[in-house]
Amino acid sequence: MILNLTQHAATADQVTAGVVDFDSANRAKLSALLTFDNLPTMAEVGEVAEAIADLAIYEGETEGGVTPTRAMIGGAPFLMPTLEKALIAVGITPCYAFSKRVVIKEADGVKERIVFKHEGFVWVEV
């Protein structure tokens with residue numbers, strides 16, 4: 001199980017790869033923690049990282065049936081190094097999703113759209 005600690009719901013490909021989303025209540029808590037409305041101090045960044053790690057440990061177990069040991073993270077770049085450390089401190093190995101941009105041509109041959117196809121994970125060294 002890889003607990004999704006991003007603001008976005010896991011894609012079908014990510015779910016197939018083992019990513020599990022929080023329920024709606026915990027997803028709202030996570031989203032609030034990942035949202036910075038004002039310029040944070042590094043102390044505030046640390047507090048948020050620890051709160052997310054706590055949420056992962058205490059609520060993550062109810063999502064997947066076991067205490068999570070892996071989590072997919074993403075969000076504000078200034079938060080990620082501190083969040084990596086906070087997760088590792090509680091026994092969770094963080095990773096980042098890796099996606100490729102894929103151009104899909106519509107049946108009419110004229111329209112194109114770009115989708116992001118999940119290709120795997122980049123794991124943080126512990």
Side-chain angles (χ1 to χ4, degrees):
M1 173 183 89
I2 302 168
L3 186 61
N4 182 4
L5 296 180
T6 73
Q7 290 206 35
H8 307 285
T11 65
D13 287 340
Q14 290 170 339
V15 170
T16 299
V19 176
V20 175
D21 285 321
F22 275 127
D23 63 23
S24 60
N26 285 321
R27 190 149 199 63
K29 290 178 192 175
L30 176 63
S31 183
L33 288 166
L34 289 170
T35 301
F36 292 86
D37 293 324
N38 298 300
L39 180 66
T41 65
M42 284 312 294
E44 290 168 331
V45 169
E47 291 169 8
V48 167
E50 288 180 13
I52 292 171
D54 287 346
L55 184 67
I57 286 294
Y58 298 112
E59 301 299 336
E61 184 173 316
T62 62
E63 302 301 329
V66 295
T67 301
T69 58
R70 303 182 298 170
M72 179 174 71
I73 63 174
F78 59 80
L79 172 63
M80 295 303 103
T82 307
L83 180 56
E84 288 176 9
K85 290 174 189 160
L87 290 169
I88 291 167
V90 297
I92 296 176
T93 302
C95 69
Y96 297 89
F98 177 79
S99 301
K100 281 189 178 178
R101 291 181 179 162
V102 179
V103 176
I104 298 177
K105 293 188 179 195
E106 299 294 328
D108 63 11
V110 177
K111 296 179 189 169
E112 294 182 350
R113 62 186 172 103
I114 296 175
V115 297
F116 293 91
K117 173 132 178 52
H118 176 73
E119 293 286 323
F121 302 100
V122 177
W123 293 93
V124 174
E125 287 191 29
V126 182

Mind listing the closest non-hydrogen atom pair of [X] and [Y] along with its distance?
X: A97; Y: Q14; value: CB-NE2, 3.5 Å
X: A56; Y: P68; value: O-CG, 3.2 Å
X: F22; Y: N4; value: CD1-O, 4.1 Å
X: H118; Y: A17; value: NE2-CB, 4.2 Å
X: A53; Y: A86; value: CB-O, 3.8 Å
X: P94; Y: I73; value: CB-CD1, 3.9 Å

From [X] atom [atom1] to [Y] atom [atom2], the distance as rounded to the nearest 0.5 Å:
X: K105; Y: R113; atom1: NZ; atom2: CZ; result: 14.0 Å
X: K117; Y: D13; atom1: NZ; atom2: CG; result: 4.0 Å
X: I92; Y: I52; atom1: CD1; atom2: CD1; result: 11.0 Å
X: S99; Y: E119; atom1: OG; atom2: CD; result: 7.5 Å

Do [X] and [Y] land in one hydrophobic cluster if side-chain heavy atoms of ILVMFWY residues count as linked below 4.5 Å?
X: I88; Y: V90; result: yes
X: V124; Y: I57; result: yes
X: L87; Y: M42; result: yes
X: Y96; Y: V126; result: yes

Give a yes or no answer on whether the side chain of S31 reaches the backbone of R27 with a donor-acceptor pair at less than 3.5 Å.
no
Please answer whether the main-chain N or O of Y58 pairs with a side-chain N or O of D54 as donor and acceptor at a distance below 3.5 Å.
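No; zero donor-acceptor contacts below 3.5 Å.
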Partners passing side-chain hydrogen bond (donor to acceptor under 3.5 Å, both in side chains) against [X] (at least two apart in sequence or in another chain):
X: R101; result: none
X: T82; result: none
X: E50; result: none

Report the hydrophobic cluster partners of I114, with the cluster defined as I, L, V, M, F, W, Y residues connected by side-chain heavy atoms closer than 4.5 angstrom, directly or transitively.
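Under the 4.5 Å side-chain rule, I114 groups with V103.
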Which hydrophobic side chains are connected to W123, either touching it within the sub-4.5 Å cutoff or through other members that do?
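Cluster partners of W123: I2, V19, M72, F121.
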Using the ring-ring contact (aromatic ring centres under 6.0 Å, His included) criterion, which residues pair with F78? Sequence neighbours excluded.
F36
In a check of side-chain contact (heavy atoms from CB on, under 4.5 Å) between L55 and each of L5, L3, N26, which one passes?
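That would be N26.
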Candidate pair E59 and D23, rule side chain to side chain contact (heavy atoms under 4.5 Å, CB included), full reasoning
CA-CA 9 Å; E59 301 299 336; D23 63 23; over 6 Å; no
